[in-house]
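A short worksheet on the structure shown next.
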Amino acid sequence: MIDITLPDGSIKQVEKGTTAMDIAMGISEGLARNVLAAKVNDEVIDANRGIDSNATLQLLTWRDTEGKSTMWHSSAHLMAEALEFYYPGIKLAIGPPVKNGFYYDVDFMDYQIHESDLVKIEQKMKELAKQKNAYVRKDMSKSDAVAYFKNLEDPYKLELLEDLEDGTITFYTQGEFTDLCRGPHIPHTGFIKAIKLTAIAGAYWRGDEKNKQLTRIYGITFPKNAELTEYLEKVELAKARDHRKLGKELDLFAFSQRVGQGLPLWLPKGAELRERLENFLKRAQKIGGYDQVITPHIGSKELYVCSGHYAKYGEDSFQPIGTPHEGEEFLLKPMNCPHHCEIFKTRPRSYKDLPIRFAEFGTVYRYEQSGELHGLTRVRGFTQDDAHIFCTQDQVKDEFKKVIDLVLYIFKTLKFENFKAQVSLRDKDTPDKYIGSDANWDKAERAIIEAADEKNLPTIVETGEAAFYGPKLDFMVEDALGREWQLGTIQVDYNLPERFELEYTGSDNQKHRPVMIHRAPFGSMERFVAVLLEHCGGDFPLWLTGDQVAILPISEKYNDYCEKLLQLLNNSDIRGFVDDRNEKVGKKIRESELKKIPFMLIIGEKEVENNAISVRQRGMDDLGQMDVDSFIQLLNKAVEDELA
RNA sequence: GCCACCGUAGCUCAGUUGGCAGAGCAGAGGUUUUGUAAACCUCAGGUCGCAGGUUCGAGUCCUGUUGGUGGCUCCA
């Protein structure tokens, strides 16, 4: 007999070899019907695998993340079975679960597959699911496994097998389909009730563009049809928050084929919004001891040869701009740091001057591959809320911590609560991807990790994600469709000061090299506005939004009164307008709501008589009458609270 | 850059097997003077992304190209 400890702490004594499914049955049949997999001593295994020794056991259902992954992994196998039915001879690569569903990468050989084919594949999957075929696990020796896939002429599985040790290789079979797979899987296909194949895309084998491009089919499955419907509705709702849609609806920005792809045009309302964001940050930076600087949009090619950027990105960038007679070469500025280094060098610096913090809303241009461009989140011309801090080695950690505080203040003010802080370190196995000495990298990496620790900032560490010149701390936020974007970034750099031979005179009267910190709390204005827009669904905070108040006269008889009201509001720094169109008030309200204006003042005879206003708040009903002064106070207080 | 899909009026979209290019909103003119999410009438608005081709005839079929979308790769 062995002891099985359940999550509630209770212990069940069962015979050796008892399965999680047996134990679930023992608890209740209803539970057993929902068990997708089991977590035994922190390892997820098939619910029908025997347990051989004392263990903790958690039964995984659809409610558990691992339960979902297991089902989606099994769904990928189910899809593969359907694909083999319609396209015999295709070569299968990998088919893992992902955050929302699963995919399978397939080499379709000579078959042509189209999006319209997905429906019939879904149908086949449903048919196969109904057969409640069990997922059967089988150990196989490496030589048998190799023989099996040699027979199938599947180069991808053979390549995968190369990395596997003999004795650890398992296969799973359900129905007519067998696949090399570590597992675990759900007990049988019958758990898969609702199926939707969502997309078809190209994907390079092993994620390397030098390799063959395979066809990836994405899908998602659910144990109930209702959940699929709910999911699809959620996706539709998310699309309504898409910044590209909202940006158009709210007249914030546009693109023009004639101007060029990836080159955003900020419309008046968008430009004003951006200006308010910039002023908000400028104010915070002024308090933080930053000095604003301004540098040109181009710089001599030599500047970037010196910085090392030309060697790294020169070939894959916008190409140099030549002058007609002298043959000089300039680059469209891809970043601001070299310019700021030159500002540092305009005069001798003393340790007493440090830290020096140069800030600039610097517009930069980068050649991004056309397929990568995406709304305002990935563009070819954008403005960084950039700054470079030049400090002594001793000041690095403190300065870094101050920047973390600044980023967190911004995120808090704009209510970004679900962000990820990622420490990006170098991959020591690919040293040629980086420049600078190991000693400096070590120092920089340590500084970042310690600063984050001391700020109690929960971080995830990603190796190999560092910039080529230094490690960084990135703040990532998801967009409406769950895609992750890097916003704020802080980077320690020992490299540029060396390349530009930056120096300051220390208290010892000797020359020393400063350390640089690159930082951009928003990241870029474009991407930040995009993510902010999706985050708040267009309902910007009061302090940031364009028109805070729409004054809606019920008939033109009250226009004069409304104009006077607007004057009063403007005098108190409240932004608004009078909608004096010849339209019914219902329509004016509707349009104000659609334009996401926070407050509407409805003005008719009653208000004029009482020298009052009727207030309606966005997304809410009539708040009733009040006098103008109270309303002004209310708004000013609300703005003050938002920025506190 | 690669794979797949899409492009019809300012916007959102309809347009059968190839047979006279449509609607709603927005815009203009008029009527109406309006009470908490769309008043009414009239008008105007298009080289169907662009360029070729097939055809008696192309928004529709084919080729190329450009832009967008979803992924992959990349991201200073």
Side-chain angles (χ1 to χ4, degrees), chain A residues 98 103 105 108 112-118 198-218 239 242 244-245 248-249 251 254-258 260-262 304 307-314 316-317 333-338 364 366-375 377-378 380 384 386 435 465-470 472 481 483 485-486 489 491 493 495-496 518 527 552-559 581-594 600-607 614-624:
Chain A
V98 288
Y103 67 78
D105 282 350
F108 274 95
Q112 293 287 321
I113 178 154
H114 296 284
E115 222 169 87
S116 51
D117 298 322
L118 295 182
T198 48
I200 187 161
Y204 300 105
W205 165 238
R206 299 216 139 170
D208 189 335
E209 65 178 326
K210 289 194 241 359
N211 289 340
K212 176 160 185 185
Q213 191 162 48
L214 307 173
T215 303
R216 175 172 297 180
I217 302 179
Y218 284 93
K239 282 185 188 158
D242 191 311
R244 292 163 299 188
K245 180 175 153 71
K248 198 181 265 182
E249 284 169 7
D251 297 317
F255 290 89
S256 148
Q257 187 165 337
R258 200 170 268 159
Q261 54 179 172
Y304 298 98
S307 72
H309 289 106
Y310 190 78
K312 182 81 182 169
Y313 293 105
D316 299 312
S317 290
K333 175 163 84 173
M335 76 268 305
N336 307 296
C337 28
V364 297
R366 295 179 184 175
Y367 171 77
E368 304 284 4
Q369 300 184 98
S370 59
E372 210 29 77
L373 299 171
H374 181 91
T377 49
R378 192 83 185 265
R380 286 178 170 170
Q384 295 178 312
D386 209 358
I435 57 175
E465 292 294 310
F468 74 99
Y469 54 78
K472 49 186 188 158
L481 292 171
R483 294 173 291 215
W485 296 97
Q486 175 210 304
T489 179
Q491 312 176 358
D493 185 358
N495 179 59
L496 273 192
H518 308 242
R527 182 177 290 179
L552 315 178
I554 282 171
S555 105
E556 64 187 9
K557 285 183 274 188
Y558 316 112
N559 283 357
R581 292 174 306 161
N582 179 10
E583 296 289 353
K584 299 185 85 157
V585 74
K587 178 161 189 168
K588 295 180 184 181
I589 287 169
R590 176 181 158 79
E591 291 187 4
S592 293
E593 290 278 355
L594 291 175
M600 286 151 268
L601 306 184
I602 286 83
I603 306 300
E605 193 176 350
K606 287 182 252 171
E607 288 72 23
S614 283
V615 182
R616 182 187 164 107
Q617 196 170 351
R618 171 179 67 198
M620 298 163 87
D621 276 333
D622 194 353
L623 300 185

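Remember, predicted model here, so these are calculated numbers, not experimental data.
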Notebook entry, point to check: Heavy atoms under 4.0 Å, any strand shown: does K588(A) hit a base, just sugar-phosphate, or nothing?
Noted result: nothing
Next item on the list: With heavy atoms under 4.0 Å as the rule, sort G604(A) into base, sugar-phosphate or nothing.
Entry: base
Check: Which listed nucleotide (U36(B), A76(B), G35(B)) is nearest to the side chain of A467(A)?
Finding: A76(B)
Item checked: C61(B) and G27(B), which share atom name P, separated by this distance in whole Å -> 35 Å
Next item on the list: Take the protein atom CZ of R590(A) and the nucleotide atom C1' of A37(B), then report the distance between them rounded to whole Å.
Entry: 6 Å
Note to self: Roughly how many Å apart are G70(B) and U31(B), using the C1' atom of each and rounding to a whole number?
What the structure shows: 49 Å
Margin query: Taking the P atom in each of U32(B) and A37(B), what is the distance between them to the nearest angstrom?
Written below: 26 Å
Note to self: Closest-nucleotide mapping onto RNA chain B: is R366(A) or D208(A) further toward the 5' terminus? I mean the 5' end.
What the structure shows: D208(A)
Item checked: Dot-bracket encoding per residue of RNA chain B, Watson-Crick/G-U cut-off under 3.5 Å, | denoting interstrand -> (((((((..((((.....[..)))).(((((.......))))).....(((((..]....))))))))))))....
Note to self: Measuring only the C1' atom in each nucleotide, how far is A21(B) from G57(B)? A whole number of Å is fine.
What the structure shows: 15 Å
Notebook entry, point to check: Between the main-chain N or O of A201(A) and the side-chain N or O of R216(A), is there a donor-acceptor pair closer than 3.5 Å?
Noted result: no
Notebook entry, point to check: Hey, are the side chains of I217(A) and I113(A) touching, using non-hydrogen atoms and a 4.5 Å cut-off?
Noted result: yes
Check: Can you tell me how far P of C72(B) sits from CD of E209(A), to the nearest Å?
Finding: 14 Å
Check: Want to settle it: does A466(A) or G586(A) sit nearer the 5' end of RNA chain B, counting the closest nucleotide to each?
Finding: G586(A)
Margin query: Applying side chain to side chain contact (heavy atoms under 4.5 Å, CB included) to L594(A) and E249(A), what does each step give before you reach the verdict?
Written below: CA-CA 9 Å; L594(A) 291 175; E249(A) 284 169 7; over 6 Å; no
Notebook entry, point to check: How long is the line joining CG of D105(A) and P of A4(B), in whole Å?
Noted result: 15 Å
Item checked: Whole-Å gap separating P (A28(B)) and CG (N582(A)) -> 12 Å
Margin query: With rounding to the closest Å, how many angstrom separate the C1' atoms on C11(B) and G45(B)?
Written below: 13 Å
Next item on the list: In sequence, state the C-alpha distance, the side-chain angles, and the governing distance for L601(A) and V615(A), and then conclude on side chain to side chain contact (heavy atoms under 4.5 Å, CB included).
Entry: CA-CA 5 Å; L601(A) 306 184; V615(A) 182; 3.8 Å; yes
Note to self: Can a donor-acceptor pair be found, under 3.5 Å and without considering hydrogens, that links the side chain of E115(A) to the backbone of A199(A)?
What the structure shows: no
Checklist line | Rounded distance (Å) that lies between atom P of A76(B) and atom CD of E368(A) | finding: 9 Å
Notebook entry, point to check: Counting side-chain heavy atoms from CB outward, which of A37(B), A76(B), U34(B) is closest to L594(A)?
Noted result: A37(B)
Next item on the list: Report which part of the nucleic acid S592(A) touches: base, sugar-phosphate, or nothing (heavy-atom distance under 4.0 Å, all strands).
Entry: nothing
Next item on the list: Under 4.0 Å between any heavy atoms, over every strand shown, what does K312(A) touch: base, sugar-phosphate, or nothing? Just pick one.
Entry: nothing
Margin query: Using a heavy-atom cut-off of 4.0 Å across all strands, would you classify E249(A) as base, sugar-phosphate, or nothing?
Written below: nothing
Checklist line | Nucleotide of G1(B), A39(B), A76(B) approaching Y313(A) most closely (side-chain heavy atoms) | finding: A76(B)
Check: OP1 or OP2 of A26(B) sitting under 4.0 Å from any side-chain N/O of K248(A)?
Finding: no
Notebook entry, point to check: Can you name the nearest heavy-atom pair linking Y558(A) to I603(A), along with the distance?
Noted result: CD1-O, 3.7 Å
Notebook entry, point to check: Closest approach of C337(A) and L496(A), non-hydrogen atoms and distance?
Noted result: CB-CD1, 3.7 Å
Item checked: G35(B) to U69(B) separation - P atoms, rounded to the nearest Å -> 43 Å
Item checked: Nearest to side-chain heavy atoms of R378(A), which nucleotide of C74(B), A39(B), U36(B) -> C74(B)
Check: Under the criteria of a ring-centre distance below 5.5 Å and an interplanar angle below 30°, is Y469(A) stacked with the base of A76(B)?
Finding: no
Check: So, R378(A) side chain and L373(A) main chain: donor-acceptor pair closer than 3.5 Å or not?
Finding: no
Notebook entry, point to check: Contact class for S614(A) vs. all strands (heavy atom < 4.0 Å): base, sugar-phosphate, or nothing?
Noted result: base
Check: Do any side-chain nitrogens or oxygens of K245(A) fall under 4.0 Å of OP1 or OP2 in C11(B)?
Finding: no
Notebook entry, point to check: So do the side chains of I435(A) and F468(A) get within less than 4.5 Å of each other, counting heavy atoms only?
Noted result: yes
Notebook entry, point to check: Counting only N and O atoms by type, is there a donor-acceptor contact under 3.5 Å from the side chain of K588(A) to the main-chain atoms of R581(A)?
Noted result: yes
Next item on the list: Carefully, step by step, assess S370(A) and R380(A) under the rule side chain to side chain contact (heavy atoms under 4.5 Å, CB included).
Entry: CA-CA 9 Å; S370(A) 59; R380(A) 286 178 170 170; 4.1 Å; yes
Next item on the list: Confirm from the modelled atom types if R206(A) and C72(B) form a donor-acceptor pair under 3.5 Å, side chain to base only.
Entry: no
Notebook entry, point to check: Is E607(A) touching bases, backbone alone, or none of the nucleic acid, heavy atoms closer than 4.0 Å?
Noted result: base
Check: When all nucleic acid strands are considered with a 4.0 Å heavy-atom cut-off, which category describes Q486(A): base, sugar-phosphate, or nothing?
Finding: nothing
Item checked: Interatomic distance, E593(A) CD vs A37(B) P [rounded to whole Å] -> 8 Å
Notebook entry, point to check: Between A4(B), A37(B), G1(B), which nucleotide has the shortest distance from any of its atoms to the side chain of H114(A)?
Noted result: A4(B)
Checklist line | Sugar-phosphate only, base, or nothing, as touched by E115(A) at under 4.0 Å among non-hydrogen atoms | finding: sugar-phosphate
Notebook entry, point to check: Do H374(A) and R244(A) pass the side chain to side chain contact (heavy atoms under 4.5 Å, CB included) test, and can you show the C-alpha distance, the side-chain angles, and the key distance before you say yes or no?
Noted result: CA-CA 9 Å; H374(A) 181 91; R244(A) 292 163 299 188; 3.1 Å; yes
Item checked: Any donor-acceptor N/O pair, D316(A) side chain to Y313(A) backbone, under 3.5 Å -> no
Next item on the list: To the nearest Å, give me how far apart CD (Q369(A)) and P (C75(B)) are.
Entry: 9 Å
Checklist line | Whole-Å C1' distance, G46(B) and U8(B) | finding: 8 Å
Check: How far does the P atom of G15(B) sit from the matching atom of G49(B), given to the nearest Å?
Finding: 15 Å
Notebook entry, point to check: Would you say a side-chain N or O of Y558(A) is under 4.0 Å from OP1 or OP2 of G35(B)?
Noted result: no
Checklist line | Contact pattern, 5' to 3', of nucleotides 64-71 of chain B - B, S or - by protein heavy atom under 4.0 Å | finding: --SSSSBB
Notebook entry, point to check: Please give, in whole Å, the distance from U36(B) C1' to E583(A) CD?
Noted result: 15 Å
